[in-house]
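Notes to accompany the following structure.
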Amino acid sequence: MSRSIAGPPVEVTARGFGWRYAGRRAWAVRDLDLTIGAGERVLLLGASGAGKSTVLAAFAGLLADDSGERAGTVSVGGRDPREARAEVGMLFQDPQTSLVLERSGDDVAFGLENHGVPTAEIWSRVDSALAEVGFPYPRERPTHALSGGEQQRLALAGALVMRPGLLLLDEPTANLDPLGADLVRTLLKGLTGQTMVLVEHRVAEAVPLVDRVIVISPDGVLADGDPERVFAAHGADLAAQGVWVPGATGGAPRRAMRPRGDTLLRADGVGFRHRGSTVPVPYGIDLEIAEGEVLAVRGPNGAGKSTLALLLGGLLRPTHGDVTATAALAGGDARTPPWRWRAATLAGHIGSVFQSPEHQFVTSRVRDEIALGGVPAETVDDLLTRLRLERLAEANPWTLSGGEARRLSVATALARAPGLLVLDEPTFGQDRRTWWELIELTARLRDDGRGIVVVTHDGDLVDVLADRELHL
C-alpha cells in the first residue's frame, strides 16, 4: 500500500551549474543543465567521480561558498537551495555524517525539534519513521553501538521523518544486508508525493523505483529519459565508460590453479563485547586464513562483521578468545598477538580497509597518503595508475567521492605489500569499471599468495572471487 508522508513536492533546476572544490584543479561537475519536475522520481547515474554526490549536496543547499568555486545556478522550488533546506531530506553516502546525538531516537527527532514541531507530535513521528525503515532497536539504542547498515537505516529514518518535499538519497542500500536492502526499496516504492533523486549502483533493483534516468559526467548530462529507452539506446556506451547498467556485470577474474598455502592467521573462539553491551558480537568465531585464498565474511547488519575485521586486522583486542599470527605471516613477530604489534609492524604484515575509509586518512594529499611510512615512489605511482587515482594525486583525500576514497583506502593497505589483507566492503561506491579493476587486483594478489578476508554484502564479488565463505 502506498502512503504519503511528504510535504508538497518541489521542482529542481540546474542551469550551467558547476562546482570546484577548494584546492582542486578539476571541476567536480560543470555545465549541468536539467529540470526535475515536482513529484518526479529520478535515478541519477554516472561513473565514479562523475559528481553525483556533489549534485545532491548542491540540491540540498550544503555547498558552502568558502569551500569551493561555484558556476551557474541551482534552485529548489524556485528558491536558492540554502533557503529551502526545511523542504529537503538528505541521506548521505556515509551515514555517520548524519548522526549527531548519542541516542538513536534523539537523533531522528533532532530535525523535528529544530523546526519547532510540537513535542506531542515528535515521538509518534519518530517511532513511525524507525518502524518504516526496519530499525531493530528501541529509541534508547546508542548510535555508537550501531553497525554501518544500522546507521544507514537510522539516517534514512532521520530524512523521512521531516516529510520532505524533496528526498535525496545517496546509495541508500549500499551498507545493508539483502533483507534490509529489500525493505528499503519496498519503502521507497511505497512513498508518494515528494520529488525523489536517487543515486544507486544496484541499478537493476533501483529502476522499478523511478520513472526517469539521468546520467551525468563531470562535463554535464550524458543521457536523460525513460529508463528502458536510455539503456536501450546508450547502454553499451555507458557501460564502457564505467556506468552501471542492467545486466552489464559479465567477465571473470583470473583464478590461480594452486593448492591452499600455509596458514597465516588463526582465530580461536574469538569475540568482542562492546561497551554497554552484555553480549559479545561476534562470539565464538573459529577460522583460519591461508596463503592464496579469499575468505568472504557475510551476514546481516549487526552480526559483527566489521568488528571481526578489526579483530583479524589487529586493530581491536578480543574480549574473548585469541587471534594469533603464524611465522609464515609474521616471522618472529608471531610470538605476540597482532593487537600488541606496533603500528609499523602491523602495517607490514596486515593491511586493513575500514568500513569508513576516511577514518584511516592522516595526510592532506592522496599521493602522501599512499607513500606514508616510506613507500617507494614507483610503488605509489603504480597504485595511483592501477586504481585510477592519477588525476587526484595532489588532491586532499577529504575532497574525494565515496568511490574514490574507497580506492585510496585500498591503495594505502596494499602499499607495503602485506601478507594478509582485511577488506571491509572494498567495492562500495565503485562504478562498473573500477569494480572490475578492484576484483582483478584482488585476484592477482590472491594468486601471488596473499591471504585475503573480504567483509561484504556484494553478492557479485562473492560469486566471482571468493574461495570460501563465513556466515555470521
Side-chain angles (χ1 to χ4, degrees), residues 249-267 285 287-299 305-306 308-315 323 325-331 334 338 346-355 357 370 375 379 382-389 406-428 430 432-472:
T249 304
R254 296 180 295 106
R255 287 188 175 274
M257 300 300 294
R258 55 176 291 169
R260 188 169 182 263
D262 293 335
T263 297
L264 300 173
L265 195 77
R266 294 188 181 91
I285 303 299
L287 62 84
E288 291 187 354
I289 306 153
E291 297 172 327
E293 72 167 349
V294 176
L295 171 65
V297 179
R298 307 184 75 182
K305 300 182 299 299
S306 293
L308 179 62
L310 295 174
L311 292 167
L312 298 178
L315 298 166
V323 174
T326 68
L329 174 65
L346 182 64
H349 297 314
I350 304 176
S352 291
V353 171
F354 298 170
Q355 188 177 53
I370 302 173
V375 175
T379 300
D382 180 57
L383 287 169
L384 286 170
T385 300
R386 290 165 73 177
L387 293 173
R388 295 184 180 268
L389 295 170
R406 183 70 51 165
R407 296 200 300 281
L408 176 57
S409 67
V410 171
T412 62
L414 301 181
R416 295 189 180 186
L420 175 65
L421 291 163
V422 182
L423 313 177
D424 197 344
E425 297 287 2
T427 57
F428 170 83
Q430 300 308 308
R432 179 176 181 268
R433 184 170 49 190
T434 58
W435 186 91
W436 272 111
E437 286 166 349
L438 284 171
I439 294 292
E440 291 282 1
L441 177 57
T442 307
R444 287 197 293 270
L445 292 168
R446 176 201 58 195
D447 296 349
D448 289 340
R450 271 34 170 230
I452 301 170
V453 179
V454 179
V455 172
T456 187
H457 291 305
D458 187 343
D460 290 330
L461 178 155
V462 175
D463 289 343
V464 302
L465 190 62
D467 299 298
R468 292 191 294 131
E469 293 184 45
L470 170 67
H471 287 263
L472 299 187

Rounded distance [0.5 Å steps], CG in L414 versus CZ in R450: 8.5 Å
Is there side-chain contact between I285 and L287, with at least one heavy-atom pair below 4.5 Å? yes
So, do P418 and H349 sit near enough that their side-chain heavy atoms are less than 4.5 Å apart? no
Kindly indicate whether the side chain of L465, heavy atoms from C-beta on, has any atom under 4.5 Å from the side chain of T442. yes
Step-by-step side chain to side chain donor-acceptor pair (under 3.5 Å) determination, R407 to Q430: CA-CA 8 Å; R407 296 200 300 281; Q430 300 308 308; 2.9 Å; yes
Main-chain N/O of G299 paired to K305 side chain as donor or acceptor, under 3.5 Å: yes
Nearest 0.5 Å please: distance from the CH2 atom of W436 over to the CG atom of D460. 8.0 Å
Between I289 and T263, does a side-chain contact (heavy atoms from CB on, under 4.5 Å) hold up when you go through it step by step? CA-CA 6 Å; I289 306 153; T263 297; over 6 Å; no
Mind listing the closest non-hydrogen atom pair of S352 and G313 along with its distance? OG-CA, 3.8 Å
Would you mind reporting whether V297 and V453 have side-chain heavy atoms less than 4.5 Å apart? yes
Any non-hydrogen side-chain atom of I350 less than 4.5 Å from a side-chain atom of L421? no
Could you work out, with side-chain hydrogen bond (donor to acceptor under 3.5 Å, both in side chains) as the rule, every residue matching D458, not counting sequence neighbours? T427, W435
Taking all atoms of both residues into account, what is the closest heavy-atom pair of V462 and A296, and its distance? CG2-CB, 4.0 Å
Checking R388 now: which residues fulfil salt bridge (Lys or Arg N to Asp or Glu O under 4.0 Å) with it, not counting sequence neighbours? E437
Let me see the working for L315 and L346 under side-chain contact (heavy atoms from CB on, under 4.5 Å), right down to the final yes or no. CA-CA 9 Å; L315 298 166; L346 182 64; 3.7 Å; yes
All heavy atoms of L383 vs all of A411, minimum pair found to be CD1-O, 3.5 Å
Expected output: side-chain D467 to main-chain V294 donor-acceptor under 3.5 Å: yes
Answer yes or no: is there a donor N or O on one side and an acceptor on the other, between the side chain of R446 and the main chain of A466, under 3.5 Å? no
Residues E293, R468: salt bridge by 4.0 Å N-O rule: yes
If you look at every heavy atom in R406 and D424, which pair is closest and at what distance? NH1-O, 2.9 Å
Only counting residues at least two apart or in another chain, list the ones meeting side-chain hydrogen bond (donor to acceptor under 3.5 Å, both in side chains) with E425. none
Across all chains, not counting sequence neighbours, the salt bridge (Lys or Arg N to Asp or Glu O under 4.0 Å) partners of R386 are D382
Quick one: salt bridge (Lys or Arg N to Asp or Glu O under 4.0 Å) partners of R298, sequence neighbours excluded? E469
Would you sort out whether L387 and L438 count as a side-chain contact (heavy atoms from CB on, under 4.5 Å), showing the intermediate values? CA-CA 7 Å; L387 293 173; L438 284 171; 3.6 Å; yes
Compare every heavy atom of A327 with every heavy atom of A334, then report the nearest pair and how far apart it is. CB-N, 3.8 Å
Testing the basics here: between L265 and L420, what is the closest heavy-atom pair and its distance to 0.1 Å? CD2-CD2, 3.7 Å
I'd like to know whether L295 forms a side-chain contact (heavy atoms from CB on, under 4.5 Å) with L470, so could you lay out the CA-CA distance, the side-chain angles of the two residues, the decisive distance to 0.1 Å, and finally the verdict. CA-CA 7 Å; L295 171 65; L470 170 67; 4.2 Å; yes
Considering residues at least two apart in sequence or located in another chain, which fulfil the salt bridge (Lys or Arg N to Asp or Glu O under 4.0 Å) criterion with D262? none
Check: L472 and L308 side chains under 4.5 Å, non-hydrogen atoms: yes
